[in-house]
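In what follows, a structure is listed as structure tokens, so that the remarks can point back to it.
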Amino acid sequence: EALEQFNEHGFLSVSLRSIAISCNMTVGNLNYHFKQREDLLRSLYFEMVADVDQRLEADIPKDLDRKALEHIIQNTMQRTYTYRFFWTDLYRLLQIDSDIAAHFQKVHLTRLQGNLDLQKLLEQKGLVHSISSQKQDWTAHRMLDYSNSWLYLLQMEPQLDKKPDAIEKIIRQKARNLADFLPWKEH
């Protein structure tokens with residue numbers, strides 16, 4: 001319920017009281033588990049990280065190709081959409097909680113290295129063109145920037161239909177866009 005409210009209204013607009021009321025519990029009962037709203041934020045953040053990490057480990061096939069990569073990206077984007085409040089309020093939330101900020105910095109560097117490793121793997125498989133390390137670094141950063149900001153861009157387009165099937169279509173399109181950052185060889 002907290003996740004739904006944060007996604008709908010943003011973290012800063014939701015109180016523990018409103019969450020307790022929507023869960024049909026007393027504020028005192030919710031406070032037993034979460035002393036303050038930031039404790040709930042921390043819990044949801046680490047739940048999100050564990051969920052995305054678990055899905056990434058499970059999704060990487062041995063026969064990785066462009067279609068499989070787009071599928072992995074789609075799954076990751078679906079997970080980030082589930083926790084969209086975090087990504088749309090990212091800057092402010094990193095200022096609120098130093099533990100999350102420190103962890104996010106590590107995750108950011110790990111994701112950057114993962115993008116570089118992905119490019120090397122795809123190059124070894126002969127699926128992408130060989131490019132300079134400077135260009136690989138640039139590509140890895142742009143992929144990371146795009147993956148961190150696509151939800152924010154989605155929020156900036158209020159005319160978009162936010163129904164699940166429309167979101168799925170947008171995620172498929174954004175996954176293809178993200179995969180397009182790589183210098184694919186035409187087969």
Side-chain angles (χ1 to χ4, degrees), residues 1-59 72-115 141-175 177-178:
E1 184 57 40
L3 181 59
E4 288 178 28
Q5 285 195 35
F6 291 153
N7 282 336
E8 180 70 26
H9 306 291
F11 177 78
L12 298 175
S13 298
V14 176
S15 67
L16 284 179
R17 178 175 167 70
S18 67
I19 295 167
I21 290 169
S22 67
C23 292
N24 293 321
M25 64 173 32
T26 65
V27 176
N29 193 8
L30 185 59
N31 274 24
Y32 177 78
H33 300 284
F34 302 101
K35 299 294 182 224
Q36 51 188 344
R37 186 179 53 169
E38 288 74 14
D39 296 334
L40 190 50
L41 169 65
R42 199 172 300 114
S43 176
L44 287 171
Y45 169 76
F46 286 106
E47 175 184 297
M48 174 189 66
V49 169
D51 185 32
V52 170
D53 286 349
Q54 179 184 19
R55 296 292 279 164
L56 282 175
E57 288 177 22
D59 278 349
I72 292 166
I73 294 170
Q74 284 177 33
N75 283 342
T76 304
M77 292 174 111
Q78 287 166 339
R79 294 291 169 250
T80 56
Y81 185 76
T82 300
Y83 298 91
R84 61 192 169 277
F85 83 93
F86 182 78
W87 299 99
T88 56
D89 287 343
L90 181 62
Y91 179 73
R92 282 183 271 168
L93 296 180
L94 293 177
Q95 291 178 322
I96 289 172
D97 191 293
S98 60
D99 291 340
I100 290 175
H103 186 268
F104 186 80
Q105 180 63 29
K106 291 177 191 171
V107 168
H108 180 82
L109 294 173
T110 300
R111 290 173 63 210
L112 185 60
Q113 186 59 52
N115 285 344
H141 277 88
R142 295 306 69 79
M143 289 175 71
L144 191 56
D145 292 346
Y146 186 84
S147 66
N148 284 346
S149 63
W150 75 274
L151 275 168
Y152 176 75
L153 297 172
L154 183 67
Q155 296 295 98
M156 299 304 292
E157 299 181 37
Q159 74 279 9
L160 287 177
D161 181 4
K162 300 292 196 304
K163 293 182 180 133
D165 57 332
I167 296 299
E168 284 297 315
K169 183 179 177 183
I170 291 166
I171 286 174
R172 282 193 304 277
Q173 174 204 2
K174 299 294 184 187
N177 292 351
L178 190 54

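Counting begins at 1 with the first residue of the sequence.
Distance check, rounded to the nearest 0.5 Å: CZ of Phe46 to CG of Leu41 gives 9.5 Å. Remark: Asn148 CG to Thr80 OG1 distance equals 9.0 Å, nearest 0.5 Å.
Although no hydrogens or angles enter the test, the distance criterion places a donor-acceptor pair under 3.5 Å between the side chain of Ser147 and the main chain of Met143. Under the 3.5 Å distance criterion, the side-chain polar atoms of Asp39 are matched with a main-chain donor or acceptor of Gln36. For the pair Arg84 (side chain) and Tyr81 (backbone), a donor-acceptor distance under 3.5 Å is present. Judged purely by atom type and a 3.5 angstrom limit, Asn7 uses its side chain to pair as donor or acceptor with the backbone of Thr82. Between the side chain of Ser18 and the backbone N or O of Val14, no donor-acceptor pair lies under 3.5 Å.
The aromatic rings of His103 and Tyr45 stand perpendicular to each other, their planes meeting at an angle above 60°, with 30° marking the opposite boundary.
Between the side chains of Glu168 and Gln74, no donor-acceptor pair of N or O atoms lies under 3.5 Å.
Residue Leu16 comes nearest to Leu40 through the heavy atom pair CD2-CD2, 4.2 Å, listed as atom of the first residue, atom of the second, then distance. Smallest separation of non-hydrogen atoms from Asn29 and Thr26: N-OG1, 3.0 Å.
The 12-atom threshold is not exceeded at CZ of Arg17, counting heavy atoms of other residues, nucleotides or ligands nearer than 6.0 Å. Counting heavy-atom neighbours within 6.0 Å of Lys35 NZ, excluding the residue itself, gives a total above 12.
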For Lys174 and Tyr146, run side-chain contact (heavy atoms from CB on, under 4.5 Å): C-alpha distance rounded to whole Å, both residues' side-chain angles, the deciding distance at 0.1 Å, then the answer. CA-CA 9 Å; Lys174 299 294 184 187; Tyr146 186 84; 2.9 Å; yes
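In this structure the side chain of Gln5 never reaches within 4.5 angstrom of the side chain of Glu8, judged on heavy atoms.
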